[in-house]
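All heavy atoms count here, side chains included; hydrogens, waters and symmetry mates do not.
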Amino acid sequence: DMSAFAAVTTDHNPIHTSAAAAQLAGLGAPIVHGMWTSAHAQYALTEPTGRQITAWTARIMAPVAVGISIEVKADRVGLLPRSETNTSAGAELVDVTALANGDVVMTATARLEPAVTAYAFPGQGIQSKGMGMDGYQRCPEARAIWDRADKHTRHALGFSILNVVRDNPTELIAHGVTHKHPDGVLYLTQFTQVAMAVLGAAQIAELREADAYVEGAIIAGHSVGEYNALAAVSGVISLEAVVEVVFQRGSVMHTLVPRDEHGRSNYRLAAIRPSQIGLADADVERYLADIADASGEFLQVVNFNQLGNQYAIAGTVRGLEELERDIAKRRAEFGGKAAFILVPGVDVPFHSKVLQSGVPAFRTRLEELLPESIDPAILAGRYVPNLVPKPFSLEREFIEEIADLVDSAPLNEVLSQFDVWAAKPERLCRTVLIELLAWQFASPVRWIETQDLMFTPESAGGLGVQPFIEVGIG
C-alpha cells in the first residue's frame, strides 16, 4: 500500500494507490512510486556502511507492481579526484541497478562520500636500485621532493640520495666516513631508510597533485614507515627533518651491531609461518625462547605481521640456523608448506632489545629535530603508532600504556604531574611522540593488532577502514 508514501511526498497520482485508476491506465494493478524505488536503492547502498550519498541520478526503466520484491546491486566504477563539484578526493562513483523478477526497473549513478581511508607505509626490505625514479620522471611534484631531499642530504649528510638510489655504489664516503656493503649501500640501513622516506613523500605529493589524496585519512607505518607517514601525510616532521631522523635512526641501529672487516654483522632477519608447523600463535614467543635457551643464541619476535602466517624473527646467524633446522623438522612431521625464509638485505636486529642501548642517543636527536610544539589535533584519533597500536591520544590511559611497555623517564615524569602537563597539550604531544619514536626501533612492531584495529568496523570498536592504500612501494 503506497498511501503513506503518497501522503508524505504529496505525489497523489492514483495509479499508485487505486486499483481502478491503475487498470484505467492499463497497468493492471497499482505500481510503486519511482521515488520509492529510488529511495529504497539509496537505503540499500548506504545502510551497510553509514556513508552518505553526495550526488544521485536515477533512471526509471519499468513500472514495479506493489508487493514485488526488489533486488539492488551496486558496482564501484571509480574513485573521483577533488574538483569544483566534488570537494573531497576519494569519493566513490557507483553504478546501481534495481531488479524486479530479474528485470531491470531502475538504474542509477551515485557519488558516495569518501570511506574511512588509511595510508600505510612499508618497512625496510622493499628497497631496490632505481626505486621511485619512474615517479621522478613522471611527476614534477615528485621530482621536486627528490631534488629537495637530494639538496639536503648533500648539505647535511654528505651524500646524494639520488646517486645512492640510481647507482647503488658498493662504497660511499659521507663526511669522511666510508660506508660499504657488498650489495650496494642502498642496503645499509641508514641509506635504505632515507630512500624510503623520500619515496613516501614523493608519492604522497603525486597523489596531492592529482587531487586524489584523501584528507583526514588514518596513517600508520610499519617500522621506519611510521616516520615516513608522519612526515609525508601529517606534516608533523618536515622532509628535511625526517631525512635526518631516519638517517640517524639507521646509523644508530647500524653502529650498535658489531661488524667484521667486510661490514657484515652476526645478525639476520627471518620470517616464519607458525600455521605450517602446527604452532599456535599464542605459543610463538615461548617456542622461540626455548630454542634460544637451548642454543645459547639470541632470537626474538620483532614483527607480529600476520596472524598464523608471518612473524619476523631477529636473531644471530647461528640462532636462526637452529630455528630453521627445528622448523624443518616440525614441518616434516606436520606436513605443512614452506615455513622459514631469510629476509635478504637485512643484517640489523630491528625492533629487538639488542638495540635498547641506542634509545637515549636517538631521543636526543629527535628532540633536536622535531618542532618545539606539535598540535595534537593533527595526530589525535588518526595516527596509529607501532609501539601501542591504538589511535594516538593525550589521555592518561594511552600514556600509561606506553609507560607500562618501556622504561621512559620522560613519560614517568608526565604521569607524576599529569594535570600540569595536560594543561600544555602541544608540549605534551611533542613529548609523547618523541617517546613513541625513540623506543619504536628497539620494540616489536605490533602489526597484527594494527590491522585488527583498522579493519574492525566502527560499531565494534575499530576504525572501519575500507580503502587501505600502501604508499612507498616502487
Side-chain angles (χ1 to χ4, degrees), residues 118-121 145 148-149 152 156 193 197-198 200-201 204-205 208 213-249 359-403 405-406 408-441 443 450 453 463 471:
Y119 291 113
F121 292 70
I145 292 292
R148 180 178 151 197
H152 189 70
Q193 297 191 357
V198 181
I204 288 293
R208 291 184 189 276
Y213 174 76
V214 179
E215 298 290 348
I218 305 299
I219 60 171
H222 189 286
S223 186
V224 69
E226 181 174 356
Y227 301 81
N228 305 341
L230 288 165
V233 178
S234 76
V236 163
I237 310 175
S238 71
L239 176 65
E240 288 78 8
V242 78
V243 162
E244 291 196 47
V245 164
V246 298
F247 186 81
Q248 177 72 14
R249 177 183 187 267
V359 169
F362 188 49
R363 176 192 290 120
T364 299
R365 192 66 176 131
L366 287 167
E367 289 172 342
E368 293 170 355
L369 291 170
L370 263 62
E372 284 300 314
S373 62
I374 297 173
D375 182 0
I378 299 172
L379 302 177
R382 57 184 293 245
Y383 155 50
V384 181
N386 280 195
L387 191 63
V388 177
K390 293 181 178 179
F392 182 87
S393 168
L394 296 184
E395 296 295 324
R396 184 183 187 98
E397 292 75 15
F398 182 78
I399 298 170
E400 284 177 337
E401 187 164 347
I402 302 170
L405 289 172
V406 296
S408 168
L411 292 187
N412 290 336
E413 179 189 340
V414 166
L415 292 169
S416 70
Q417 303 181 69
F418 185 74
D419 291 341
V420 174
W421 278 89
K424 300 175 286 187
E426 293 188 346
R427 279 194 59 201
L428 177 58
C429 183
R430 181 180 193 268
T431 298
V432 174
L433 181 61
I434 285 174
E435 291 307 293
L436 285 169
L437 297 180
W439 284 95
Q440 184 247 47
F441 79 85
S443 305
T450 299
L453 172 70
L463 296 176
V471 182

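When only modelled atom types and interatomic distance are considered, Tyr383 and Glu226 share a side-chain donor-acceptor pair under 3.5 Å.
In this structure, the side chains of Glu244 and Glu368 stay at 4.5 Å or more apart for every pair of heavy atoms. Taking the side chain as every heavy atom from C-beta outward, Gln193 and Val242 never approach each other to under 4.5 Å. In this structure, Cys429 and Phe392 have side chains that are in contact, with non-hydrogen atoms separated by less than 4.5 Å. Counting only heavy atoms from C-beta outward, the side chains of Val406 and Glu435 never approach each other to under 4.5 Å. Looking at heavy atoms from C-beta onward, Ser373 lies out of side-chain contact with Arg430 at the 4.5 angstrom threshold. In this structure the side chain of Asn228 never reaches within 4.5 angstrom of the side chain of Val198, judged on heavy atoms. Annotation: side chain of Val384 is not in contact with side chain of Ile219 (no heavy-atom distance under 4.5 Å). Side-chain atoms of Leu387 and Ser443, non-hydrogen and from C-beta on, do get closer than 4.5 Å to each other.
In this structure, the separation between CZ on Arg427 and CD on Glu372 is 9.0 Å, given to the nearest 0.5 Å. Once rounded to the nearest 0.5 Å, the distance linking CZ of Arg396 with CH2 of Trp421 reads 13.5 Å. Rounding to the nearest 0.5 angstrom, the gap separating the CG atom in Leu428 from the CZ atom in Phe418 is 6.5 Å. From Ile218, atom CD1 reaches atom CG of Leu463 across 5.0 Å, with rounding to the nearest 0.5 Å. If you take CZ on Phe441 and OH on Tyr227, they are separated by 7.0 Å, rounding to the nearest 0.5 Å. Atoms CD1 and CD1, from Ile145 and Ile204 in turn, are 10.5 Å apart once rounded to the nearest 0.5 Å.
With Asn386 contributing its side chain and Gly221 its backbone, the two residues share a donor-acceptor pair below 3.5 Å. Between the Arg365 side chain and the Ala361 main chain, no donor and acceptor come within less than 3.5 Å of each other. Side-chain atoms of Arg363 do not come within 3.5 Å of backbone N or O of Ala438 as any donor-acceptor pair. A donor-acceptor pair is defined here as one N or O able to donate and one able to accept, closer than 3.5 Å; such a pair exists between the side chain of Ser393 and the backbone of Glu395.
In summary, of the residues considered (Val432, Thr431, Asn412), a side-chain contact (heavy atoms from CB on, under 4.5 Å) with Ile399 occurs for Val432 alone.
Residue Glu367 qualifies as enclosed at atom CD: its count of foreign heavy atoms under 6.0 Å is above 12.
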Leu230 and Leu433: CA distance, side-chain angles, deciding distance, side-chain contact (heavy atoms from CB on, under 4.5 Å) verdict: CA-CA 10 Å; Leu230 288 165; Leu433 181 61; 3.9 Å; yes

Taking it one step at a time, do Glu215 and Arg382 satisfy salt bridge (charged side-chain N to carboxylate O under 4.0 Å, His left out)? CA-CA 11 Å; Glu215 298 290 348; Arg382 57 184 293 245; over 6 Å; no

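The two residues Leu437 and Phe362 come nearest to each other via the heavy atoms O-CE2, 3.6 Å. Taking all atoms of both residues into account, the shortest heavy-atom contact from Ala231 to Ser238 is CB-O, 4.5 Å. Scanning both residues, Gly225 and Phe121, for their nearest heavy atoms gives O-CB, 3.4 Å. In this structure, Pro389 and Leu453 approach most closely via the heavy-atom pair O-CD2, 3.6 Å. Counting all heavy atoms, side chain and backbone alike, Ser223 lies closest to Gln440 at O-NE2, 2.7 Å. For the residue pair Ala201 and Leu239, the shortest heavy atom distance occurs at CB-CD1, 4.0 Å.
Side-chain rings of Tyr213 and Tyr119 approach one another, their centers coming within less than 6.0 Å.
Applying the salt bridge (Lys or Arg N to Asp or Glu O under 4.0 Å) test to Glu401 and every residue at least two apart in sequence or in another chain returns Lys390.
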